[in-house]
Amino acid sequence: MQDFHAGPRNIFILFTTAKSKNPFTTDLEYHYRRPFDAELVSYAAKIFVGTHDFAGFCSNYDGKQNTIRTIEKFDIVINGESVKMLVKGDGFLYNMIRIIVGTLLSVNEGKIKPDDIDGIIKSRNRLLAGKTAQPHGLYLNRVFY
């Protein structure tokens with residue numbers, strides 16, 4: 001697991017809730033075919049903001065790495081059928097954002113309650129978090145030095 005200390009970074013995840021897949025954006029955005037409850041997912045996303053131990057949101061945690069990270073901002077922007085999740089933090093663990101997004105999509109589907117997220121974070125147990133979301137639409141937007 002790499003641990004970069006260049007400064008805060010912005011990541012965004014782009015996905016669409018359109019019924020049909022756009023062949024021109026197949027690898028550029030994640031195609032999520034379910035109705036999206038932006039208010040519910042935004043509420044759940046705010047729970048990740050702050051300094052937490054994200055060991056349960058890392059796919060290759062071996063107990064030796066420092067897994068404490070700070071998420072400064074987590075916004076969800078809706079534009080028609082396009083959804084953009086913007087995350088600003090001091091660093092991210094391997095697959096951390098994809099697991100967080102998978103957890104938020106599980107919240108959207110009613111599989112995980114938003115109020116359970118704090119307990120999932122505190123448990124440090126990867127098995128309690130949502131599935132790892134596909135990498136389509138995941139972008140490193142900016143690194144601040």
Side-chain angles (χ1 to χ4, degrees), residues 1-4 6-61 66-145:
M1 174 180 357
Q2 295 179 338
D3 190 11
F4 300 102
R9 42 208 46 74
N10 285 347
I11 287 188
F12 70 88
I13 302 91
L14 181 64
F15 63 97
T16 181
T17 59
K19 290 181 182 178
S20 357
K21 199 174 209 177
N22 182 341
F24 300 108
T25 62
T26 298
D27 292 330
L28 303 176
E29 66 184 7
Y30 179 57
H31 188 211
Y32 183 70
R33 294 182 181 104
R34 294 182 170 91
F36 187 75
D37 186 341
E39 191 173 315
L40 176 68
V41 175
S42 291
Y43 170 76
K46 298 298 181 205
I47 298 168
F48 289 104
V49 174
T51 301
H52 305 286
D53 187 339
F54 285 99
F57 293 86
C58 177
S59 62
N60 68 346
Y61 178 61
N66 177 7
T67 53
I68 296 173
R69 299 291 185 274
T70 300
I71 293 182
E72 298 171 20
K73 190 175 182 182
F74 201 133
D75 294 324
I76 297 176
V77 179
I78 309 289
N79 185 6
E81 294 177 327
S82 180
V83 178
K84 187 186 286 188
M85 294 184 179
L86 302 151
V87 185
K88 182 177 182 180
D90 66 353
F92 304 106
L93 302 167
Y94 186 70
N95 282 341
M96 177 178 152
I97 295 300
R98 289 176 55 198
I99 296 167
I100 288 173
V101 170
T103 302
L104 291 174
L105 294 179
S106 290
V107 167
N108 185 67
E109 296 164 13
K111 296 175 183 174
I112 295 175
K113 293 182 175 117
D115 296 333
D116 294 339
I117 291 176
D118 191 48
I120 294 170
I121 293 170
K122 288 178 181 167
S123 76
R124 304 175 73 228
N125 185 345
R126 171 65 189 98
L127 298 176
L128 297 178
K131 294 180 181 178
T132 304
Q134 295 179 5
H136 309 302
L138 177 65
Y139 299 92
L140 176 63
N141 186 38
R142 180 179 294 172
V143 177
F144 300 92
Y145 289 96

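On a predicted model such as this, the values are computed, not experimentally measured, just so you know.
A pairwise comparison of heavy atoms in C58 and R126 identifies O-CD, 4.0 Å as the closest pair. Minimum heavy-atom separation, L128 to S123: CD1-OG, 3.3 Å. Contact record, N95 with S59: ND2-OG, 3.0 Å, taken as the closest heavy-atom pair. For the pair A44 and V107, the tightest heavy-atom approach, listed with the atom from each and the gap, is CB-CG1, 4.0 Å. When all heavy atoms of F48 and I71 are compared, the closest pair comes out as O-CB, 3.6 Å. The two residues P114 and L40 have their closest heavy-atom pair at CG-CD1, 3.5 Å.
Note: K21 NZ to E29 CD = 10.0 Å, rounded to the nearest 0.5 Å. Between the CD1 atom of I117 and the CD1 atom of I112 there is a distance of 7.0 Å, given to the nearest 0.5 Å. Between atom CD1 of residue I99 and atom CZ of residue F54 there is a gap of 11.5 Å, rounded to the nearest 0.5 Å. Interatomic distance, L105 CG to M85 CE, rounded to the nearest 0.5 Å: 5.5 Å. Note that CD1 of I47 is 11.5 Å distant from CD1 of I100, once rounded to the nearest 0.5 Å. Note that CG of N108 and OH of Y32 are 4.0 Å apart. Values are rounded to the nearest 0.5 Å.
Residue pairs satisfying the salt bridge (charged side-chain N to carboxylate O under 4.0 Å, His left out) criterion with at least one member in residues 30-45, sequence neighbours excluded, are listed as follows: R34-E109.
Using a 4.5 Å heavy-atom cutoff, the side chains of L93 and R69 are in contact. At a threshold of 4.5 Å between non-hydrogen side-chain atoms, the residues F36 and I76 count as touching.
Of the possible donor and acceptor atoms, none in the side chain of T132 sits under 3.5 Å from a partner among the backbone N and O of R98.
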Could you go through the side-chain contact (heavy atoms from CB on, under 4.5 Å) check for F57 and I120 one step at a time?
CA-CA 9 Å; F57 293 86; I120 294 170; 3.7 Å; yes

Pair V83, V41 - check side-chain contact (heavy atoms from CB on, under 4.5 Å), show working.
CA-CA 11 Å; V83 178; V41 175; over 6 Å; no

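Scanning for side chain to side chain contact (heavy atoms under 4.5 Å, CB included) contacts around K46 gives D75, with sequence neighbours left out.
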